[in-house]
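Right, one structure below, let's go through it.
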Amino acid sequence: MHSCQLIRSHIVRKLWRKLGLVSSAVSSREAHITNTLRAVELTSVRYPYLKRGNYSKLTDQDVAQFERLLPGEQRVLTDPSDLEGYNTDWLKICRGISQLVLKPKTTEEVSDILKICNEKKFAVNPQGGNTGLVGGSVPVFDEIILSTSLMNNIISLDALSGILTCQAGCILGNLNDHVSQHNLIMPLDLGAKGSCHIGGNLATNAGGIRLLRYGSLHGSVLGLEAVLANGEILDCMSTLRKDNTGYDLKQLFIGSEGALGIITKAAILCPQKSNTVNLAFLGLDSFNDVLDVFRDSKKHLSEILSAFEFLDSESLKVCTSNLQLASPIAQHPFYILIETSGSNGTHDEEKLTQFLETLMTVGKVKDGTVAVDDKQMQHIWGLRERVAEALLHDGYCYKYDVSLPLHDFYNLVLDMRSRVGHKATRVVGYGHVGDGNLHLNITSPSYDEEVASLIEPFVYDWIAERRGSISAEHGLGFKKRHYIYHSKSRSAVAAMKAIKHLFDPNGILNPYKTLPDD
Ligand code: FAD
Ligand code: 2HG
Ligand code: ZN
């Protein structure tokens, strides 16, 4: 039987049973980043032109002062082996040499720490779950790491309004579990949900797979508390949906990448959890078909469409070959995930099935499957969300996260493929096509200057020529700050620098990140 018919005849279950591999593949997370053990070159060595800023160096007396401030076990870390994980980023491409990690539990402790740092001129690197992908979460030199991992209290949840207030160190997945007991969901979801912190999400203005439906954090964050570089606590903890009294200061911290203050609390509007969620995984012949199906999905699925993601064949291949995940359908040049979320199961299923039938009849979709239970849904989402992890198994990953007009979207991948040729292990394109956000990734066995120079600045010029953004959702961090002018005007960057100076005149917060040197 041709697999298109599977959807119609609901024999999808059989296909999944046939794929006995599925469940064991899902549980193969242990395979995750075996290259953790690989020595990561120090950032200051890989980029020898970098100069350490004029910050103070820690003495034993300073460490003792922090120990008095944070009494108890494991709140002041100085042992180099304890610090290794905090100094190295998730991608294993940036590594600092911090000698001190501080773990406050309260806003007041953050304030006391920053007062000392500002007075003595110690540079500080705020860190959440350390899942950032642009080298912003780890020190470049010996900045003190301020980790929010012990600031993990949920303060309140108003189930009627859907407003959650919590500390910045709460893990996104834990927050989602908590609010789901009250029939709510977090307005964002991403592959790193098991370890990223809500404070890190706010600091990067993380996007993820729910942005299409629920918009960006600029809309769903109602209140925020941050500690400024001088230790002052800035209280913008409103829980009101409408509040036009003066400038909306909290917005400045959303996406500020730890450079303007340390986010300590937030109030977030959580949407209602949908009664029914359906997920289809479809194979297509061309990227034009992907765009046509996106257009049709908005028209025909309209209010129930909750995610529209895509992978090219190389992206799926990296999951099947590097993580041994099984694909539920045969090979195709492109794959899409269409998720619907609604309140009426029968209606939603009918609507989706009819839509998929039409797509198959007109030949826009060549093959497909619809998940019939949570396990299958998780497996399909795994194929999309674990591409980043799978790529790391190739060795070194050159990562680009860009916004582009949809008609240009996939041409960047094609142009990059022909440019780097066989010098790279692979060039993949995938991402949040519904948001105009492409993840372009290139891998090689280890960091290779020649490959790097084929990619940059070509990639940034290509994006700027089409008026795209060189960072759609991951931020600029350490890796991309010098390319900010490809997406932002001189006057906009000058205003950013003025704001940074106002909030952090000594430049102690996350130096060498986000904004370019003068
Ligand atoms: P960290 O990595 O610790 O820090 C990120 C930045 O925020 C740093 O500059 C840090 O200094 C700053 N920061 C952290 N906490 C605070 C705080 N309390 N106050 C001030 N500054 C702070 N991003 C997306 O947008 N969409 C995705 O779909 C997505 N998927 C991902 C999937 C995987 C597998 C991985 C590894 C990453 C993904 N990311 C994605 C990237 C990453 O930005 C997010 O994972 C997340 O928002 C980072 O949160 P974190 O707590 O790990 O922050
Ligand atoms: C995703 O959408 C993340 O999976 C990671 O933003 C993207 O690794 C990437 O390029
Ligand atoms: Zn993404």
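The first residue of the sequence shown is numbered 1, and numbering continues consecutively from there. Numbering of ligands and ligand atoms starts at 1, following listing order.
With salt bridges taken as basic N to acidic carboxylate O contacts below 4.0 Å, one links Asp394 and Arg426. With respect to the salt-bridge test (charged N to carboxylate O, under 4.0 angstrom), the residues Asp235 and Lys265 do not qualify. With respect to Arg417 and Asp312, a salt bridge is recorded, a charged nitrogen being found less than 4.0 Å from a carboxylate O. Under a 4.0 Å N-O distance rule, the pair Glu109/Arg75 qualifies as a salt bridge. One finds no salt bridge joining Asp415 and Arg419 here, because no Lys/Arg side-chain nitrogen approaches an Asp/Glu carboxylate oxygen to under 4.0 Å.
Below 3.5 Å of separation, one finds an N or O of His439 facing an N or O of ligand 2.
Using modelled atom types, no side-chain atom of Lys121 and backbone atom of Asn506 make a donor-acceptor pair closer than 3.5 Å. Looking only at distances, no side-chain donor or acceptor of Arg386 sits under 3.5 Å from a matching main-chain atom of Leu323. Proximity of a side-chain donor or acceptor of Glu314 to a complementary backbone N or O of Gly429 within less than 3.5 Å is not detected. Judged by distance alone, the side chain of Thr88 and the main-chain N or O of Arg95 form no donor-acceptor pair under 3.5 Å.
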**OP:** Walk me through it: do Arg384 and Tyr335 pass the test side chain to side chain contact (heavy atoms under 4.5 Å, CB included)?
**Re:** CA-CA 10 Å; Arg384 162 61 190 84; Tyr335 305 92; over 6 Å; no
Taking a 3.5 Å cut-off between nitrogen or oxygen atoms, can you list every pair linking ligand 1 to the protein, with distances?
unit_1: ligand 1; atom_1: 2 (O); unit_2: Thr131; atom_2: N; d: 3.0
unit_1: ligand 1; atom_1: 2 (O); unit_2: Gly132; atom_2: N; d: 2.7
unit_1: ligand 1; atom_1: 3 (O); unit_2: Gly128; atom_2: N; d: 2.7
unit_1: ligand 1; atom_1: 3 (O); unit_2: Gly129; atom_2: N; d: 3.4
unit_1: ligand 1; atom_1: 3 (O); unit_2: Asn130; atom_2: N; d: 2.9
unit_1: ligand 1; atom_1: 9 (O); unit_2: Gly136; atom_2: O; d: 3.2
unit_1: ligand 1; atom_1: 9 (O); unit_2: Glu257; atom_2: O; d: 3.3
unit_1: ligand 1; atom_1: 9 (O); unit_2: Asn510; atom_2: ND2; d: 3.3
unit_1: ligand 1; atom_1: 11 (O); unit_2: Pro126; atom_2: O; d: 2.6
unit_1: ligand 1; atom_1: 11 (O); unit_2: Asn510; atom_2: ND2; d: 3.0
unit_1: ligand 1; atom_1: 18 (N); unit_2: Ile263; atom_2: O; d: 3.0
unit_1: ligand 1; atom_1: 19 (N); unit_2: Ile263; atom_2: N; d: 2.9
unit_1: ligand 1; atom_1: 21 (N); unit_2: Gly258; atom_2: N; d: 3.4
unit_1: ligand 1; atom_1: 25 (O); unit_2: Gly207; atom_2: N; d: 2.8
unit_1: ligand 1; atom_1: 25 (O); unit_2: Glu473; atom_2: O; d: 3.3
unit_1: ligand 1; atom_1: 25 (O); unit_2: Glu473; atom_2: OE1; d: 3.3
unit_1: ligand 1; atom_1: 26 (N); unit_2: Gly208; atom_2: N; d: 3.3
unit_1: ligand 1; atom_1: 26 (N); unit_2: Glu473; atom_2: OE1; d: 3.1
unit_1: ligand 1; atom_1: 26 (N); unit_2: Glu473; atom_2: OE2; d: 3.1
unit_1: ligand 1; atom_1: 45 (O); unit_2: Thr131; atom_2: OG1; d: 2.6
unit_1: ligand 1; atom_1: 47 (O); unit_2: Asn201; atom_2: ND2; d: 3.0
unit_1: ligand 1; atom_1: 47 (O); unit_2: Thr204; atom_2: OG1; d: 2.9
unit_1: ligand 1; atom_1: 51 (O); unit_2: Gly129; atom_2: N; d: 2.8
unit_1: ligand 1; atom_1: 51 (O); unit_2: His197; atom_2: N; d: 2.8
unit_1: ligand 1; atom_1: 52 (O); unit_2: Gly129; atom_2: N; d: 3.3
unit_1: ligand 1; atom_1: 52 (O); unit_2: Asn130; atom_2: N; d: 3.2
unit_1: ligand 1; atom_1: 52 (O); unit_2: Thr131; atom_2: N; d: 2.8
unit_1: ligand 1; atom_1: 52 (O); unit_2: Thr131; atom_2: OG1; d: 2.7

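The single protein non-hydrogen atom nearest to atom 4 (O) of ligand 2 is Arg384 NH1, 3.0 Å, given as residue, atom name and distance. Summary of contacts: the protein heavy atom closest to atom 6 (O) of ligand 2 is His474 NE2, 2.8 Å. Among all non-hydrogen protein atoms, the one lying nearest atom 8 (O) of ligand 2 is Lys399 NZ, 2.4 Å.
Only the side chain of Tyr430 comes within 4.0 Å of ligand 2, judged by heavy-atom distances. Under 4.0 angstrom from ligand 2, there are no non-hydrogen atoms of Asp401.
Near Glu473, meaning under 4.0 Å from any of its heavy atoms, are these atoms of ligand 2: 2 (O), 6 (O). Heavy-atom proximity to Leu133, at under 4.0 Å, picks out these atoms of ligand 2: 5 (C). Each of the atoms 9 (C), 10 (O) of ligand 2 lies under 4.0 Å from some heavy atom of Asn441. Residue-ligand proximity, His432 to ligand 2, at heavy-atom distances under 4.0 Å covers atoms 2 (O).
Judged by distance alone, the side chains of Asn130 and Ser137 do bring a donor and an acceptor atom under 3.5 Å apart.
Ile470 pairs with exactly one of Asp401, Val459, Leu476 by the side chain to side chain contact (heavy atoms under 4.5 Å, CB included) rule, that one being Leu476.
The structure places SG of Cys94 at 10.5 Å from CD of Glu41, a figure rounded to the nearest 0.5 Å.
Protein N/O/S atoms found under 2.8 Å from the Zn ion (ligand 3), listed by chain and residue number: His432 NE2, His439 NE2, Glu473 OE2.
For Phe409 and Phe310, the distance between ring centers is under 6.0 angstrom.
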